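All residue numbers refer to positions in the sequence shown, counting from 1. These figures come from a predicted structure and were not determined experimentally. When a ligand or atom number is given, it counts from 1 through the structure's own listing order.
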Amino acid sequence: MKIAILPGDGIGPEIMNQAVKVMNALGEKFETETVPVGGAAYAEQGHPLPESTLKVAKEADAILFGAVGDFKYDTLERSLRPEQAILGLRKHLGLFANFRPAILYPELAGASSLKPEIVSGLDIMIVRELTGDIYFGQPRGMREAPDGPFKGSREGFDTMRYSEPEIRRIAHVAFQAAQKRSKRLTSVDKANVLETFQFWRDVVTDVHKEYKDVKLDHMYVDNAAMQLVRAPKEFDVVVTGNMFGDILSDAAAMLTGSIGMLPSASLDANNKGLYEPSHGSAPDIAGKDIANPLAQILSLAMMLRYSLAKTEQADRIEAAVKSVLKQGLRTVDIYEAGTTKVSTTQMGDAVVKALA
Ligand SMILES: NC(=O)C1=CN([C@@H]2O[C@H](COP(=O)(O)OP(=O)(O)OC[C@H]3O[C@@H](n4cnc5c(N)ncnc54)[C@H](O)[C@@H]3O)[C@@H](O)[C@H]2O)C=CC1
Ligand SMILES: CC(C)CC(=O)C(=O)O
Ligand SMILES: [Mg+2]
């Protein structure tokens, strides 16, 4: 079984080192290959997703990804920017189903941005469509406005679109996820304004006919953002498009104490997956050994569970994470008075030590 390791940029390599340390401590031999991606690959090979990196990712059984991006690359032409690497991997590998579990560990109730009584026990699953929507729609670009009141002035434009098969397949994934949990699914859209999302709502409603045991409701995205901070436990499984899911999952992350706690799995139709923290490369804290490595380590656990069928190893890692939190160890993003502040490396070491 081969695992492709793509650390990327910013805090990516720092948190990946911790996840690899944990993987090596499981007492099992994993074949791994580490390759550059994002800004690191651009600096080395002139492209954020070189053919050689894509090949390793394609041939692996699973991919463990760090994060990409650095503000110093923001002026490059778009096709060369680090973020194109993760977008390209998702598209090339058909990773359309993104699972982002937002779980509040009881020990972090005080680190959440919401009052403990509103968030304690939080356990929601955001299912985000990952290869369509306005992030990939064509045409897009910058041009002289061809019409309208600002005709002739410069404008930027993108295209939001979803085809029926794209909506159907993510809806099936979400209904099936709901069947394994509390049989409640909220589909988040903007059907009151956007044709794309009226269509989304119609198709999700149609797929629902095949899942009568699941209670489906629909919610507009602005209300969903509000409900997420008002009464997040009202949600169980949430399904939504690429952009809304991107935004709502960052908001959900703060309910768990930090975005450094939110892992993710991006799966294709055969459960081959890419596993990455939900956050970015955090250039503001890179190189300081202070980033929270737990989202990366929990992404490793998701990889073992979803793609490699190693449930026991995944359970061990998740138990070790719970144990270090119980011991009161905290990176700075989840620190509160009365707990012990640790570095990225110390947190990784503590998880290794806590492995049963
Ligand atoms: N999948 C990916 O590789 C993603 C890449 N990005 C890229 O990352 C770069 C930075 O983007 P931002 O908008 O700043 O988002 P970000 O998620 O990197 O950081 C947002 C805030 O959260 C903090 N943060 C993030 N991860 C953390 C961790 N593990 N521990 C402690 N604090 C953490 C950062 O310090 C920052 O204050 C950009 O180039 C962006 O395009 C953004 C999101 C996803
Ligand atoms: C950097 C983007 C391509 C993606 C993003 O923000 C995400 O997947 O959460
Ligand atoms: Mg994001």
Query raised in the report: Counting both backbone and side chain atoms, is some N or O of Ser258 under 3.5 Å from an N or O of ligand 1?
Result: no

Query raised in the report: Who's the nearest protein heavy-atom neighbour of atom 26 (N) of ligand 1, and how far?
Result: His279 CG, 3.1 Å

Report summary line: Residue, atom and distance of the protein heavy atom nearest atom 33 (C) of ligand 1 read Ile285 CD1, 3.9 Å

Query raised in the report: Side-chain donor-acceptor pair under 3.5 Å between Arg81 and Gln84, yes or no?
Result: no

Query raised in the report: Does the side chain of Thr186 pick up a donor-acceptor pair with the side chain of Asp217 at under 3.5 Å?
Result: yes

Report task. Tell me which protein heavy atom sits closest to atom 42 (C) of ligand 1, plus the residue, atom name and distance to 0.1 Å. Result -> Gly280 CA, 3.4 Å

Report summary line: Residues with a heavy atom under 4.0 Å from ligand 2, by chain and number, are Glu83, Ile86, Leu87, Arg90, Arg100, Arg128, Asp246, Ser278

Report task. Just jot down the ligand 1 atoms closer than 4.0 angstrom to any heavy atom of Gly260, in number order. Result -> 28 (C), 29 (N)

Query raised in the report: So, Thr53 versus Glu51: side-chain donor-acceptor pair below 3.5 Å or not?
Result: no

Requested in this report: Classify the side-chain pair Asp236/Ser182 by whether it contains a donor and acceptor separated by less than 3.5 Å.
Outcome: yes

Report task. Looking only at protein heavy atoms, identify the closest one to atom 3 (O) of ligand 1 and say how far it is in Å. Result -> Val68 N, 2.9 Å

Query raised in the report: Could an N or O of ligand 1 be found under 3.5 Å from any N or O of Ile86, whether backbone or side chain?
Result: no

Report summary line: protein heavy-atom neighbour closest to atom 14 (O) of ligand 1 works out as Phe71 CZ, 4.1 Å

Query raised in the report: Is the Lys NZ or Arg CZ of Lys190 less than 6.0 Å from the centre of Phe197's six-membered ring, within 45° of the axis?
Result: no

**Report entry** Asp250 near the Mg ion (ligand 3): N/O/S under 2.8 Å
**Finding:** no

Report task. Given side-chain hydrogen bond (donor to acceptor under 3.5 Å, both in side chains), test Glu336 with Thr339 step by step and report yes or no. Result -> CA-CA 6 Å; Glu336 324 167 56; Thr339 61; 5.9 Å; no

Query - Atoms of ligand 1, numbered as shown, that sit under 4.0 Å from any heavy atom of Asp70 - result: 39 (O)

Query raised in the report: Of all the atoms in ligand 1, which lie at a distance below 4.0 Å from a heavy atom belonging to Ala67?
Result: 3 (O)

**Report entry** Same apolar cluster (I L V M F W Y, side chains within < 4.5 Å links), Val22/Met16
**Finding:** yes

Requested in this report: Starting from atom 29 (N) of ligand 1, locate the nearest protein heavy atom and write down its residue, its atom name and how far away it is, to 0.1 Å.
Outcome: Asn292 O, 3.0 Å

Report task. Return the option from Asp284, Leu274, Asp9 holding the heavy atom at the smallest distance from atom 35 (O) of ligand 1. Result -> Asp284

Query raised in the report: Closest N/O/S atom of Asp246 to the Mg ion (ligand 3), by atom name?
Result: OD1

Query raised in the report: Any side-chain donor paired with an acceptor under 3.5 Å for Glu83 and Tyr73?
Result: no

Query raised in the report: Strictly by modelled atom types, are Gln227 and Glu234 linked by a side-chain donor-acceptor pair under 3.5 Å?
Result: no

Requested in this report: Give the residue, atom name and distance (to 0.1 Å) of the protein heavy atom nearest atom 41 (O) of ligand 1.
Outcome: Glu83 OE2, 2.5 Å

Report task. Please confirm whether Gly69 comes within less than 3.5 Å of ligand 1 when only nitrogen or oxygen atoms on both sides are compared. Result -> no

Requested in this report: Give the residue and atom name of whichever protein heavy atom lies nearest to atom 10 (C) of ligand 1, and the separation in Å to one decimal.
Outcome: Pro283 CD, 3.4 Å

Query raised in the report: Evaluating non-hydrogen atoms only, which member of Ile11, Ile259, Leu6 is closest to atom 24 (N) of ligand 1?
Result: Ile259

Query raised in the report: Glu107 pairs by side chain to side chain contact (heavy atoms under 4.5 Å, CB included) with which of Leu325, Leu329, Ile334?
Result: Leu325

Query raised in the report: Once the angle between the rings of His208 and Phe175 is folded into 0 to 90°, is it parallel (under 30°), tilted (30 to 60°) or perpendicular (over 60°)?
Result: parallel

